[in-house]
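Residue numbers run from 1 in the order of the sequence given. Only heavy atoms go into these numbers, but all of them, side chains included; no hydrogens, no water, no symmetry mates.
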Amino acid sequence: MRERKDACFLHDIGRIYIEEDLLKKTRLAQEDFEEIKKHSQQGADIMEGINFLEGVREAVLYHQERYDGKGYPSGLKGSKIPLLSRIVSIADAFDAMTSNRPYKTKMNLIEAMDEIEKNSGTQFDPELCAIFLKYRDSIEDIAKKHFEYPAE
């Protein structure tokens, strides 16, 4: 449990190496995207040698992998992606979709859940998506209670 929580908090730690202006861009050129893609490896490098974060380090390194193998940094596919990385991937995407970003406004919870479901088996592990989506109502209740997320 502790490892999952740490991985969710630390998965993007490598972004400290990315110029702030780049993170604020509304549109990325290919070279910008290549720079941003380095954050996974850079985050894992930060954790190198910290024994109690070893499982977290692996999640940080591989949280941008996709279930269909089209992710980065290694192009891992399916169960070759560590379980914790697959979990963080869904949580990270859901957070990104339900948060305002320089390049887009946030989705509502229903739209974000639909997007997770739509990308089940391609971007995300289908078994983990099914578990995540099973708790739609609970997630919506938590969001309404603790965040400013309109349900519709």
Study note, to complete from the structure: CE of Met113 to CG of Asp137, rounded to nearest 0.5 Å, is 8.5 Å

Revision key, fill the gap. Here the pair of heavy atoms bringing Val88 nearest to Ala7 is CG2-CB, 3.8 Å

Review point. Are the charged groups of Arg136 and Glu140 less than 4.0 angstrom apart, N to O?
Key: no

Check your understanding: Side-chain heavy atoms under 4.5 angstrom apart, residues restricted to Ile, Leu, Val, Met, Phe, Trp, Tyr: same cluster for Met107 and Phe132?
Key -> yes

Point to revise | Residue pair Ser74 / Tyr62: nearest heavy atoms and the distance that separates them | key: OG-CE2, 3.6 Å

Exercise for review: Output the distance between atom OG1 (Thr98) and atom CD (Glu115), rounded to the nearest 0.5 Å.
Suggested key: 12.0 Å

Under 3.5 Å, which donor-acceptor pairs do the side chains of residues 9-19 form with other protein atoms, sequence neighbours left out?
| from | atom 1 | to | atom 2 | distance (Å) |
| --- | --- | --- | --- | --- |
| His11 | ND1 | Cys8 | O | 2.7 |
| His11 | NE2 | Asp92 | OD1 | 3.0 |
| Asp12 | OD1 | His39 | NE2 | 2.9 |
| Asp12 | OD1 | His63 | NE2 | 3.1 |

Review point. Has the side chain of Arg86 got a donor or acceptor atom that lies under 3.5 Å from a matching backbone atom of Ile81?
Key: yes

Point to revise | Any donor-acceptor N/O pair, Glu65 side chain to Leu76 backbone, under 3.5 Å | key: yes

Point to revise | Asp45 with Lys38: basic N within carboxylate O range, under 4.0 Å | key: no

Practice item. Identify the two heavy atoms, one from Cys129 and one from Ile90, that lie closest to each other, and give their separation to 0.1 Å. Key: N-CD1, 3.9 Å

Exercise for review: Answer yes or no: is there a donor N or O on one side and an acceptor on the other, between the side chain of Asp32 and the main chain of Ala29, under 3.5 Å?
Suggested key: yes

**Study point:** Heavy-atom pair of closest approach, residues Leu28 and Lys25
**Key:** CD2-CB, 4.1 Å

Exercise for review: Can you sort out the partners of Lys5 under salt bridge (Lys or Arg N to Asp or Glu O under 4.0 Å), two or more places apart, ordered by chain and number?
Suggested key: none

Exercise for review: Could you tell me whether the side chain of Asn100 and the main chain of Lys106 form a donor-acceptor pair under 3.5 Å?
Suggested key: yes

